[in-house]
Amino acid sequence: MKLATKIIHAGAEPDPSTGAIMTPIFQTSTYVQEAPGKNKGYEYARSQNPTRKALEDALAIIENGKYALAFGSGVAATDSVMKLLNPGDEVIAANDMYGGSYRLFTKVWERYGIKFIMVNTGDVAAVDAAITAQTKLIWVETPTNPLMNITDIAAMAAIAKKVNALLCVDNTFASPYLQNPLDLGADIVMHSATKYLSGHSDVIQGALIMNDTDLREKLYFIQKSCGAVPGPMDCFLVLRGIKTLHVRMKQHCENGEKIARWLRQHPKVAKVYWPGFEDSAGYAVAKKQMRGFGGMISFELKDDSEKEVTRVLSSTHLFSLAESLGGVESLINHPASMTHASIPREERIKNGLSDGLIRLSVGIEDADDLIDDLNKAIG
Ligand SMILES: *Cc1c(COP(=O)(O)O)cnc(C)c1O
């Protein structure tokens, strides 16, 4: 079955009791049992909920996985992966990644004796060199937030296998429409469903997708024991968002390409970060593992003074100044003071995230209107 058909029909069985074509929002905490221990597969809603199950089935199908688990947020999903580890274990993580993942790793999990080694995962040899017998997990984001660096997922999977470590890929930026890490050898795919999967900036949610039954059992145990589960209304919203993922992503890609190429020739723009440029470092790998380049773009102005950057960030009308991404409406963001403020400045600068960097989440409005908006703001 082709992706567009899978996206519409994944996990969508009519409700058996009524025939309702849309999965009902099972707003319940518990389920009545016929006799002690005799139930319909549902006992308590932290462990199982039919709306959540429909969503998890859909997520597994569209990521080409066997199993999926939904969580109350993207970071809750990430946190659950960390709970697979033990004190003394080492994690190799990308040196350019979502600020909240960096904060969770360094400010929370390091206190519990997990060691994080931050490496440029775009450099396969550097990751290979950082591997030790204690490496239990490689954590990769591709394209990265916010510098759009590309990591070769298949190469990471090969390195992880050598030491029996898990490879988890944060696939939030690409979405399952553009990239399926499990097909490339990853063990776990993580999503902030808050972004492209839901697509309408109206819900916070996370997900993990995997193939291995034992790994699924371990993560399900963590999901129900630690309890970071999403509510049924939120599951319904993500399930509904997924139904238009392919048409939205097509437009995000088309608009993203137009804007990236337009920005690049703008006389006041110094540098544009977008994985679709043929001369960018990650292009060959991106072309190999992605089906398109998405709607996320970062750029730097030639005049990168705080005053000028602030002026541009405050001058757009269609691009709203806000954190987050992946919604139908366009957003503009200043990583250094917003999404990535939790990363120490020296660490940010070392990894190429400048104070002047501007990040765009290109929505699905008319691209000409979006270019007009940016043109007036940049001046
Ligand atoms: C937003 C985001 C997260 C965290 O997800 P939440 O749903 O906000 O908890 C993780 N990774 C990436 C790449 C993100 O953009």
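For ligands, and for the atoms within them, numbers begin at 1 and follow the listed sequence. These numbers come from a predicted model, not from an experiment. Just the heavy atoms: all of them, side chains too, but no hydrogens, waters or symmetry mates, feed the values below.
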Could you list each nitrogen or oxygen of ligand 1 that sits under 3.5 Å from a protein nitrogen or oxygen, with the atom names and the distance?
unit_1, atom_1, unit_2, atom_2, d
ligand 1, 5 (O), Ser192, OG, 3.0
ligand 1, 7 (O), Gly74, N, 2.9
ligand 1, 7 (O), Ser192, OG, 2.8
ligand 1, 7 (O), Thr194, OG1, 2.6
ligand 1, 9 (O), Gly74, N, 2.9
ligand 1, 9 (O), Val75, N, 2.9
ligand 1, 11 (N), Asp170, OD2, 2.6
ligand 1, 15 (O), Lys195, NZ, 2.8

Presence of salt bridge, Asp212 and Lys66, under 4.0 angstrom: no
Does this structure show an ion pair linking Lys53 with Glu56, if we count only N-O contacts that are shorter than 4.0 Å? no
My understanding is that only residues two or more places apart in sequence, or in another chain, count here; which of them pass side-chain contact (heavy atoms from CB on, under 4.5 Å) with Ser337? His334
Check Glu257 with Arg261, please: is the shortest side-chain N to carboxylate O separation under 4.0 Å? yes
Please find out if less than 6.0 Å separates the ring center of Trp139 from that of Phe105. yes
Do the side chains of Asp279 and Arg264 get close enough for a salt bridge, i.e. N-O under 4.0 angstrom? yes
